[in-house]
Amino acid sequence: MCTKNDNPEFYFRDVLAATVQFLLIALILLGGRSTPVYAAVVDGTCASGLDNNEVFWPDAPDVIPFKGADSHDPLAFRHYNATETVLGRPMKDWLRFSVAFWHSIRNDGSDPFGFPTKRWPWDAPLPGCDVPSPPMDLAKRRMRALFELMRKLGVDLWCFHDRDIAPRGETLEETNAMLDEIVEYAAELQHGTDIRPLWGTAQLFAEPHYMHGAATSPSVDVFVRAAAQVKKAMDATKRLGGENFNFWGGREGYAFLPTTDLKTERTHAAVFFKMARDYWVKDLGQKGRPLLIEPKPQEPSKHQYDWDVGTTAGFLREFGLEKDFKLNVECNHATLAGHSCSHEVETAVAMGMLGGLDANTGDPQVGWDTDQFMTDQREAALVLSAIVRSNGFAPGGINFDAKTRRESTDVNDLLYAHIGGMDAMALGLKLAAKLVDPGGALERVKRERYSSWTGDVGAKIERGEATLVELEKLALAHEGEPAVGSGRQELADNIIAAVVG
Ligand code: XUL
Ligand code: CO
């Protein structure tokens, strides 16, 4: 389950705080006196309480160092060494890590069965103020927390939903104004650094009006609202220098097929994507910064139209969108669709459509999208093998769409989680370099399996020049059964085990 911390409780708190502020300002403008309990908010104690020197991870070094595989320092990398060259490129350029704002800063530990467990310092009342803090100050403080986390991890890219980073107002106009202010604040924090978004996205699944979907909603009003939201989120992404814009269609599917006009809904989704493509490429001039679709089979909808890589690629081709969109593969979505993560990445690579990776993993005993940090080095090595064979991605990158567990309530848990995730990917990259080596044992086994295709017959078939009539003649002239060799799976498994350890 993909908890966004845009849960209703959070939303309610934001709206409540915004309303209190609004009433207060109205009172002042009308010449009224504020009640003592809110005086702190308006007299400056709270409103200017945003401390630019506040440190959220006081126990951690300024930058997490690389200390090597033998290190036992929990606040050091064992494998991720940003400048170390692997296959002719610094690790940093292969991996292009990104921190997910929603999971790292907004995840409060709530799940469908329980209330928040995490009391993050950036959500606490502002210093010296025990009344509800102004929501915009809190939003700015959360942004500061993100930047501190990124600096400490040495990560330059981040991903956001429009509604994670800024509060909602009473109207779309108000909400947009607050988003603009936070985007400008983030731009200031980015200024003079290499930090920028990997991608932005519009959150089109949390608010009640999106209950039937956004682009696939039976309500044209909702479609219109979603279009407006995407336009604004694209503006924000461009303003911050984001490399991609991502679509994850959480409720773009159905809950009940007998009352769903599936053909109409898929067509509406395609029209929506075309309008988004036109705005991104033509109006915003973002050609060369691919739009992404992130497949997921279900959850929260019973069935999502972007089920997996194959289905989504088919959809894009059906509507002539395959040139403008690439796929952002999420590992836990892959497993929910009954695939492995490496299957989905390999499939996207084979189609020339890999745009990015949401690096996470599920729990085999829990049936939902648990969004855990990936630590399995065999899976990491196989995923990275496909990414290396496709020559990495830029634009594009590896986004940690992953969260700490509900029970992990300490700020340092966020550091341990990212360190573990980054180390797993870095080790995966080093192992992949061995696995994909053309002179290596695994590649030899693979080449051997296809060796019969190197002859004249194979080449002619691959060129598309052979006919069934011709091949029938060949088959009839062949003596005995067709030649076919061993699959050598056990040998290959042993080779992988020897590399992966
Ligand atoms: C949900 C999910 C999203 C997308 C962005 O499962 O993965 O966080 O990555 O909306
Ligand atoms: Co994701």
Side-chain angles (χ1 to χ4, degrees), residues 1-7 10 97-108 110-112 146 157-165 197-207 210 213-215 226 229-230 233-234 236-237 242-253 269 272-273 276 290-309 312 325-337 339 341 344-345 348 354-363 366-374 383 396-404 421:
M1 160 112 178
C2 198
T3 312
K4 294 291 172 260
N5 272 334
D6 32 44
N7 62 42
F10 233 99
F97 289 131
S98 151
V99 173
F101 191 89
W102 55 98
H103 280 319
S104 296
I105 304 299
R106 303 302 306 270
N107 170 31
D108 61 11
S110 49
D111 71 10
L146 173 83
L157 298 166
W158 59 292
C159 290
F160 68 95
H161 296 81
D162 48 359
R163 299 294 180 258
D164 312 323
I165 59 172
L198 174 63
W199 45 259
T201 185
Q203 189 201 73
L204 302 176
F205 42 87
E207 288 167 286
Y210 292 131
Q229 208 181 308
V230 164
M234 285 185 158
T237 306
E243 295 195 357
N244 301 99
F245 188 87
N246 189 29
F247 291 90
W248 169 63
R251 296 186 197 272
E252 307 295 25
F272 191 83
F273 285 133
L291 294 162
L292 304 174
I293 295 186
E294 184 177 315
K296 183 173 180 179
Q298 73 278 110
E299 194 205 77
S301 63
K302 175 189 169 89
H303 175 97
Q304 194 175 313
Y305 296 132
D306 306 326
W307 183 272
D308 62 1
V309 164
T312 311
F325 286 80
K326 290 193 175 231
L327 301 171
N328 187 46
V329 172
E330 174 163 328
C331 294
N332 201 174
H333 296 178
T335 47
L336 288 174
H339 305 300
C341 186
E344 286 292 80
V345 176
L354 181 68
L357 182 77
D358 266 15
N360 61 13
T361 197
D363 183 317
V366 181
W368 68 48
D369 188 8
T370 59
D371 284 335
Q372 288 164 235
F373 281 79
M374 188 198 275
V383 167
I398 297 181
N399 173 44
F400 288 112
D401 191 1
K403 62 188 174 205
T404 54

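Start at 1 and go down the list; that is how both ligands and their atoms are numbered. Values reported hereafter were calculated over all heavy atoms of this structure, with side chains retained and with hydrogens, waters and symmetry mates removed.
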Next on the checklist: Once rounded to the nearest 0.5 Å, what's the spacing between atom CG of Leu327 and atom CG of Leu354?
Outcome noted: 8.0 Å
Item to check | Atom name, Asp401 (N, O or S, nearest to the Co ion (ligand 2)) | outcome: OD2
Item to check | His333-ligand 1 polar pair, N/O distance under 3.5 Å | outcome: yes
Next on the checklist: At less than 4.0 angstrom from any non-hydrogen atom of Trp199, what atoms of ligand 1 do you find?
Outcome noted: 5 (C), 9 (O)
Checklist entry - For ligand 1, which atoms have a heavy atom of Asp369 less than 4.0 angstrom away? => result 6 (O)
Checklist entry - Counting backbone and side chain alike, does Glu294 bring an N/O/S atom below 2.8 Å of the Co ion (ligand 2)? => result yes
Next on the checklist: Strictly distance-based, threshold 3.5 Å: is any side-chain N or O of Glu344 a donor or acceptor partner for the main-chain N or O of Val309?
Outcome noted: yes
Next on the checklist: Distance under 4.0 Å to a non-hydrogen atom of Lys296: what atoms of ligand 1 satisfy this?
Outcome noted: 6 (O)
Item to check | Distance-minimising heavy-atom pair for Ala334 and Cys341 | outcome: CB-CA, 3.8 Å
Item to check | Residue pair Asn328 / Asp358, side-chain donor-acceptor N/O under 3.5 Å | outcome: yes
Checklist entry - Which of the numbered atoms in ligand 1 are below 4.0 angstrom from a heavy atom of Trp102? => result 8 (O)
Next on the checklist: Ignoring hydrogens, what is the shortest heavy-atom contact between Trp368 and Pro112? Give both atom names and the distance.
Outcome noted: CH2-CD, 4.4 Å
Item to check | Element-labelled atoms of ligand 1 that are located less than 4.0 Å from some non-hydrogen atom of Asp401 | outcome: 2 (C), 3 (C), 4 (C), 7 (O), 8 (O), 9 (O)
Next on the checklist: So, taking the atom named CH2 in Trp248 and the one named OG1 in Thr201, what distance separates them when rounded to the nearest 0.5 Å?
Outcome noted: 9.5 Å
Item to check | Sub-3.5 Å N/O-N/O distance, Thr201 and ligand 1 | outcome: no
Checklist entry - Where the side chain of Glu252 meets the backbone of Ala215, is there a donor-acceptor pair that is under 3.5 Å apart? => result yes
Checklist entry - If we ignore angles and hydrogens, is there a donor and acceptor under 3.5 Å between the side chains of Asn360 and Asp401? => result no
Item to check | Min N/O separation Asn246 to ligand 1 under 3.5 Å | outcome: no
Checklist entry - Asn244 side chain to Pro290 main-chain N or O, any donor-acceptor pair under 3.5 Å? => result yes
Next on the checklist: Quick check for you: to the nearest 0.5 Å, what is the distance between Trp307 atom CH2 and His333 atom NE2?
Outcome noted: 12.5 Å
Checklist entry - When you look for heavy atoms under 4.0 Å from ligand 1, do you find them on the side chain of Glu294, its backbone, both, or neither? => result side chain
Item to check | Which N, O or S atom of Asp358 lies nearest to the Co ion (ligand 2), by name | outcome: OD2
Next on the checklist: I'd like to check whether Asp358 has a polar contact with ligand 1, where a contact means an N/O of the residue lying under 3.5 Å from an N/O of the ligand.
Outcome noted: yes
Checklist entry - Mind checking whether Glu330 has an N or O less than 3.5 Å away from an N or O of ligand 1? => result yes
Checklist outcome for this item: Closest to the Co ion (ligand 2), among the N/O/S atoms of Glu330, is atom OE1
